[in-house]
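Below is one structure; the comments refer to it alone.
All values derive from a computational prediction rather than experimental measurement.
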Amino acid sequence: MLGLLLGALGTASAARAAGQVDRVDRAIAVVGDRVITATEVDIAVTLASHDVSPEPVLDPGAEDPDEWWIEQVELRELAGDVSVYRPQAGEVRDRLGRLLAAFDPAELANTQ
């Protein structure tokens, strides 16, 4: 693992020296020890648009998606192991089925 990391760092250093830098992602915020990235916000917003939460407080209502997701991460950090919402197994299966049905299979195939 360390060798892989060092190899990646060496490749990144070589790319910088050659003037070629590819941005992989962008850090939006840090909550506790967790870095929130722009990609993570995009994924959360996309999922939320296809999967409405049964808990209104968890729905994206803010105009700024970054702020909405930061609040969600803060809520999870503060809640820790406190059970706020615990659906039944059938409810989880039904919700997952609705979420999967909301996406075009061709769109899902292009993300892998």
Side-chain angles (χ1 to χ4, degrees):
M1 179 72 160
L2 182 58
L4 182 62
L5 178 60
L6 291 175
L9 290 174
T11 303
S13 296
R16 271 194 301 276
Q20 302 171 344
V21 177
D22 291 324
R23 181 174 294 198
V24 177
D25 211 332
R26 182 171 57 94
I28 300 292
V30 176
V31 176
D33 61 352
R34 176 146 176 236
V35 176
I36 300 172
T37 65
T39 299
E40 180 182 350
V41 172
D42 291 344
I43 291 169
V45 169
T46 299
L47 287 175
S49 71
H50 291 293
D51 180 36
V52 177
S53 173
E55 296 296 327
V57 72
L58 301 178
D59 281 337
E63 292 183 22
D64 182 358
D66 294 350
E67 287 300 318
W68 165 74
W69 190 245
I70 290 167
E71 289 173 1
Q72 298 306 303
V73 172
E74 289 173 333
L75 179 63
R76 290 181 179 130
E77 284 282 321
L78 292 172
D81 293 329
V82 175
S83 177
V84 176
Y85 171 69
R86 185 167 292 184
Q88 299 296 317
E91 291 174 302
V92 173
R93 282 191 299 275
D94 291 346
R95 188 171 175 191
L96 177 59
R98 287 191 307 272
L99 176 61
L100 291 174
F103 285 93
D104 177 10
E107 181 183 2
L108 293 175
N110 290 330
T111 60
Q112 298 177 357

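- The side chain to side chain donor-acceptor pair (under 3.5 Å) pairs that include a residue from residues 91-102 are D51-R95, where partners are two or more places apart or lie in different chains.
- Listed by chain and residue number, P87 satisfy the side chain to side chain contact (heavy atoms under 4.5 Å, CB included) test with V92 (two or more places apart in sequence, or in another chain).
- By the 4.5 Å side-chain criterion applied to Ile, Leu, Val, Met, Phe, Trp and Tyr, V24 is assigned to no cluster and stands alone.
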Only distances under 3.5 Å count here; give the side-chain donor-acceptor pairs of residues 40-47 to other protein atoms, sequence neighbours excluded, each with its distance to 0.1 Å.
residue	atom	partner	partner atom	Å
E40	OE2	R34	NH2	2.2
E40	OE2	W69	NE1	2.7
T46	OG1	D42	O	2.9

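- Applying the salt bridge (Lys or Arg N to Asp or Glu O under 4.0 Å) test to every pair with at least one member in residues 21-31, sequence neighbours left out, gives no pairs at all.
- For the pair E74/I70, a side-chain contact is recorded, criterion being any heavy-atom separation below 4.5 Å from C-beta on.
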